[in-house]
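As structure tokens, the structure follows; a few thoughts come after it.
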Amino acid sequence: MPPIVIVEAPTRLDAYASAEFGSFVVSVINAGATRIIINLSLVGYLGSAGVGSLLLIAKSLTARNGRLALLAARPSVIEVLRICGLAEQFVLVDTIDDARERV
Amino acid sequence: MEERTFTIGSRLAEIEPVQEEIKQILQTAGFRLKQIHAALLALGEWLEHVVQNFPANGSPGIVTIELWVEEAEVRFRVSDDGPELAFSDVARPDAQVPVTQRNIVGLNLHLMHSLVDQVEFHRTDGRNVLELVKQLIPST
């Protein structure tokens, strides 16, 4: 099995921060990572730009038959994903053990 | 009722500090954090939209944010002297469309509309003007 890469998301995924975050994770994918866990536990602010970054990451991984899990998202973050119609599309998990099993 | 006016330059980095300042005001007024967060996220979505609408190579624009805090609601009026913004009806994202086929165009306006109770946009005297209203419940 390929190794799992765990990425810590910053506290704020807005238009200012999310482009750099998305580009970083995509560069990790381009370097060969196919099993990625994004730890969202510190994210208190997820805007549409942050959602766009998560979509970009998911698309990049899917193109390489990879898997993505979003770990420990706060209720406010899950609410944004729900509004955007994505809460059911992403793999949302509460524990690192669950995340490891899903990627 | 409390009234405040904030002015920021058209730079993304200036959005978070003004949101933090407004958060303090709304927390002091005793509103619930979850609702404050929703109001600030809606405001942030519009501010990002406005700031990114200014020409990248032009001189920085000015964005004015007026705030009214009342007993059970907060109102924002955001105005800017940037290019005229398109403000069309917002399509609801289709949750059945797979992630790989999702388009993020319009997601910001959809999110903003979903988080507040009232949104009005108009162009007045060469300025984009957006008004947001969010009903808030005191935490006690």
Side-chain angles (χ1 to χ4, degrees), chain A residues 10-22 25-26 29 34 36 38 42-70 73-92 102-103, chain B residues 8-20 22-23 27 32-54 56 63 90-117 119:
Chain A
T11 57
R12 194 174 161 99
L13 283 175
D14 57 6
Y16 188 57
S18 63
E20 184 179 350
F21 172 72
V25 180
V26 169
I29 295 166
T34 55
I36 293 184
I38 297 179
L42 296 179
V43 179
Y45 187 103
L46 176 68
S48 61
V51 173
S53 290
L54 294 177
L55 280 174
L56 176 69
I57 292 163
K59 288 177 181 179
S60 297
L61 265 179
T62 302
R64 294 170 181 269
N65 293 318
R67 291 184 181 175
L68 172 69
L70 304 181
R74 297 180 187 182
S76 61
V77 167
I78 294 173
E79 176 65 7
V80 170
L81 294 174
R82 187 194 63 74
I83 292 170
C84 295
L86 289 164
E88 306 295 325
Q89 302 266 4
F90 282 116
V91 174
L92 294 164
R102 298 292 298 272
V103 297
Chain B
I8 64 171
S10 57
R11 288 180 288 269
L12 290 172
E14 296 196 30
I15 294 174
E16 183 180 0
V18 77
Q19 284 179 307
E20 283 300 315
I22 293 170
K23 181 180 179 180
Q27 281 186 305
R32 292 179 181 171
L33 196 55
K34 181 180 178 182
Q35 294 181 317
I36 294 172
H37 180 79
L40 292 175
L41 185 52
L43 175 65
E45 288 298 313
W46 182 253
L47 290 175
E48 289 180 359
H49 192 55
V50 165
V51 166
Q52 291 176 319
N53 185 53
F54 278 90
V63 183
V90 182
R92 189 183 184 87
D94 185 350
Q96 304 305 314
V97 175
V99 166
T100 52
Q101 296 170 26
R102 281 298 183 89
N103 191 333
I104 64 165
V105 173
L107 208 52
N108 54 352
L109 298 184
H110 169 73
L111 191 54
M112 181 183 73
H113 276 273
S114 300
L115 292 167
V116 296
D117 298 289
V119 179

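Protein chains get the first letters and strands the later ones, always in sequence-line order, with residue 1 at the start of each. Predicted, not measured: the structure shown is a model, and the values here were computed from it. Reckoned from all heavy atoms, side chains included, excluding hydrogens, waters and symmetry mates.
Interface remark: Arg12(A) contributes side-chain atoms only to the contact with chain B (heavy atom separation under 4.5 Å). The contact between Leu40(B) and chain A is made entirely by backbone atoms, counting heavy-atom distances below 4.5 Å. Only the backbone of Val97(B) has a heavy atom closer than 4.5 Å to any heavy atom of chain A. Both the backbone and the side chain of Glu16(B) have a heavy atom closer than 4.5 Å to some heavy atom of chain A. The contact between Leu46(A) and chain B is made entirely by backbone atoms, counting heavy-atom distances below 4.5 Å.
Atom NE2 in His110(B) sits 6.0 Å away from atom SG in Cys84(A) (nearest 0.5 Å). The distance from atom CG of Leu54(A) to atom CZ of Arg102(B), rounded to the nearest 0.5 Å, is 12.5 Å. Of the inter-residue distances, the one linking Ile83(A) atom CD1 with Leu41(B) atom CG reads 7.5 Å to the nearest 0.5 angstrom. Expressed to the nearest 0.5 Å, how far OG of Ser114(B) lies from CZ of Arg82(A) amounts to 8.0 Å.
Surrounding CD of Glu20(B) are more than 12 heavy atoms belonging to other residues, nucleotides or ligands, all under 6.0 Å away. Sparse packing is recorded around CZ of Arg102(A), with 12 or fewer heavy atoms of other residues, nucleotides or ligands lying under 6.0 Å away. Environment of CD in Gln52(B): crowded, with over 12 heavy atoms of neighbouring residues, nucleotides or ligands closer than 6.0 Å.
Taking 4.5 Å as the limit, some side-chain heavy atom of Val51(A) sits within range of a side-chain heavy atom of Leu107(B). Two residues are said to be in side-chain contact when any heavy atoms from C-beta on lie closer than 4.5 Å; Tyr45(A) and His37(B) meet this criterion. No side-chain heavy atom of Asp14(A) sits under 4.5 Å from any side-chain heavy atom of Leu12(B).
Contact count against chain A (heavy-atom pairs under 4.5 Å) is highest for Asn108(B) among Ile15(B), Val51(B), Asn103(B), Asn108(B). Between chain A and the residues Thr100(B), Ile104(B), Leu115(B), the most heavy-atom pairs under 4.5 angstrom are made by Thr100(B).
Smallest separation of non-hydrogen atoms from Gln89(A) and Val99(B): CB-CG2, 3.5 Å.
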